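Counting convention: from 1, in listed order, for ligands and their atoms alike. This structure is a prediction, so every number in the text was calculated from the model and none was measured.
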Amino acid sequence: MSMAGEIPAVSGDTTWITCEPTAVRSLGVYIHYPFCVRKCAYCDFLSAPGDDAARKAYLEALIREIRGQKSLFEESVIRSVFIGGGTPSLMEPDEFAELASALRGTAGDWEADAEWTIEANPGTVTQDKARCWREQGVNRVSMGMQASQDRLLRRIGRIHVMEDVRQSVRILREAGFDNLNLDLMMGLPDQSREDWQETLREALALEPTHLSCYSLIVEDGTPLKNMVESGQMLLPDEDTEREMYADTIRILDAAGYKQYEISNFAEPGRESRHNLSYWDLSEYIGLGLGASSYLDGRRIKNTSDLRQYIKEEHPERLAVVEETLNRQDRMSEWMFLGLRKTAGVSDTDFKEMFGQSFDEIYPEQIAKLLWDGLLERKAGRLCLTRRGLDLANIVFEAFV
Ligand code: SF4
């Protein structure tokens with residue numbers, strides 16, 4: 001089996017994860033597809049180019065893992081599915097149909113309005129693929145547009161140009177997709193504030209239902225990090241980045257998109273159900289290489305070793321429990337994840353889950369953050385202020 005690019009091995013003991021049977025579980029499902037055409041300069045995700053044999057063997061292992069989780073699926077109702085990567089849109093229609101039918105055949109019950117998203121990269125979307133996704137039940141596509149300037153896309157090593165984004169959107173619309181997210185990135189090397197405003201306008205012209213606007217993070221070990229450190233690439237300064245974020249909120253609000261999380265904006269009713277489940281501390285299972293799950297108060301992680309994953313007859317047995325959250329941990333996570341949402345956290349919900357008010361558990365933290373103007377109270381809820389959105393990390397750290 002040959003596999004270009006480096007996929008790190010998982011360390012530590014492996015344990016076969018079992019879950020306590022619960023009453024019907026509402027479950028989010030994340031499926032990881034780790035292959036890409038080539039590695040982008042900034043990317044530290046678990047992804048790499050792979051040849052046909054590696055892709056075929058991976059898909060077979062993934063299907064074995066899905067079937068291996070039959071007992072968990074039997075006690076669950078699927079709330080959302082997100083097929084991410086990597087580049088899941090690299091899968092050929094027959095490969096995708098095989099994966100989708102394994103999932104549908106194993107996961108019995110689905111909520112009536114279950115959200116099923118596939119992540120797609122412009123330049124890899126074809127009519128056949130889009131038609132196949134629709135036929136198999138996918139109802140949402142999330143596309144990595146990133147920027148509208150070809151020179152910036154080249155800088156960060158993306159395989160596409162802006163015209164590919166437009167072409168992909170046309171194909172998706174023709175196939176019947178009306179729920180479309182575009183991922184955009186601010187703070188790119190050589191990106192000016194005007195570039196960013198133009199990117200937002202170009203994205204809006206494509207009439208997505210949802211926009212995710214992330215700041216570029218320069219990760220250790222990436223080619224981008226070397227280029228920034230050696231001065232080959234210049235990043236926008238902090239003030240410019242803050243202005244870009246303010247532009248995002250202003251321009252998207254004027255266009256009718258509601259900011260519902262620090263980086264996420266949607267038309268009313270089009271918030272991502274899958275993303276919300278992470279911030280609501282709801283249960284989800286991660287399937288595929290390196291995927292994470294949150295089940296029964298435990299954070300569980302699949303192996304990140306592709307060879308090990310492919311070879312294993314029961315890939316689900318390679319997952320390890322990384323952390324069991326006690327009550328204190330769950331309260332803390334519930335607060336700092338929930339505060340990412342612009343609706344904030346409700347004290348009634350907190351009491352229902354933990355039997356006490358968040359003001360009893362975190363009196364000093366809340367008082368200080370209110371005093372500093374980072375949090376505000378709204379009808380029994382605590383939310384980030386506009387200043388809190390800019391300084392959200394300070395808020396989150398207070399609850400850790
Ligand atoms: S397409 Fe996405 S996952 Fe693949 S290398 Fe680029 S950033 Fe990473």
Side-chain angles (χ1 to χ4, degrees), residues 3-8 30-52 54-55 58-59 62 82-92 95-96 99 117-126 129 133 140-165 167-169 172 180-189 191 199 203 210-228 233 235 263-264 272 274-275 286-292 302 304 306 309:
M3 171 86 187
E6 279 205 351
I7 302 263
Y30 174 78
I31 298 180
H32 191 69
Y33 188 77
F35 302 105
C36 289
V37 174
R38 68 160 189 254
K39 197 81 176 160
C40 300
Y42 59 91
C43 178
D44 80 332
F45 302 139
L46 190 56
S47 66
D51 62 20
D52 288 351
R55 286 168 44 175
Y58 180 76
L59 197 60
L62 187 54
F82 192 101
I83 304 184
T87 305
S89 51
L90 273 185
M91 267 183 274
E92 292 302 329
E95 294 175 320
F96 185 81
L99 173 64
T117 305
I118 184 167
E119 227 172 25
N121 275 329
T124 62
V125 179
T126 64
K129 288 178 187 175
W133 301 338
R140 183 172 183 271
V141 179
S142 176
M143 191 142 62
M145 168 175 156
Q146 316 309 357
S148 64
Q149 298 77 18
D150 294 346
R151 70 167 216 290
L152 295 183
L153 293 169
R154 269 195 304 275
R155 288 292 260 168
I156 56 172
R158 299 289 305 192
I159 59 164
H160 71 274
V161 292
M162 184 57 201
E163 192 43 41
D164 295 326
V165 180
Q167 172 69 5
S168 299
V169 171
L172 293 170
L180 178 66
N181 170 60
L182 295 174
D183 280 344
L184 306 177
M185 287 176 90
M186 63 189 118
L188 299 178
Q191 186 184 41
T199 291
H210 189 286
L211 286 147
S212 298
C213 302
Y214 300 110
S215 287
L216 173 73
I217 297 174
V218 181
E219 302 283 1
D220 286 344
T222 57
L224 180 71
K225 174 103 178 178
N226 295 339
M227 290 187 273
V228 168
M233 283 199 186
L235 297 175
S263 308
N264 285 279
S272 162
H274 191 79
N275 289 355
L287 300 159
L289 197 68
S292 301
N302 277 4
S304 299
L306 181 69
Y309 183 80

State the atoms of ligand 1, each with its element, that fall below the 4.0 Å cut-off from a heavy-atom position in [X].
| X | answer |
| --- | --- |
| Arg38 | 5 (S) |
| Tyr42 | 7 (S) |
| Gly86 | 3 (S) |
| Asn121 | 1 (S) |
| Cys36 | 1 (S), 3 (S), 4 (Fe), 5 (S) |
| Phe45 | 3 (S), 8 (Fe) |

key: Selected option - heavy-atom contact closest to atom 2 (Fe) of ligand 1, from Gln146, Met185, Arg158, Glu119   = Arg158
Give a yes-or-no answer on whether the side chains of [X] and [Y] include a donor-acceptor pair shorter than 3.5 Å.
| X | Y | value |
| --- | --- | --- |
| Ser47 | Lys39 | yes |
| Glu119 | Thr87 | no |
| Thr222 | Asp44 | no |

ask   = For atom 5 (S) of ligand 1, what's the nearest protein heavy atom and its distance?
value = Cys40 N, 3.3 Å
query = How many angstroms lie between atom CG of Asn275 and atom NE2 of His210, to the nearest 0.5 angstrom?
reply =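 Going from the CG atom of Asn275 to the NE2 atom of His210 covers 6.0 Å.
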ask   = So, is Cys43 placed with an N/O/S atom under 2.8 Å from atom 4 (Fe) of ligand 1, counting both backbone and side chain?
value =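 Short answer: no, not a single N, O or S atom is under the cut-off.
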Residue among Arg158, Met162, His160 satisfying side chain to side chain contact (heavy atoms under 4.5 Å, CB included) with Asp150 =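 Of the listed residues Arg158, Met162, His160, the side chain to side chain contact (heavy atoms under 4.5 Å, CB included) partner of Asp150 is Met162.
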inquiry  = Could you tell me if the side chain of Tyr214 sits less than 4.5 Å from the side chain of Asn264, heavy atoms only?
reply    = yes
request  = Check whether any side-chain heavy atom of Tyr30 lies under 4.5 Å from a side-chain heavy atom of Ile83, and answer yes or no.
outcome  = no
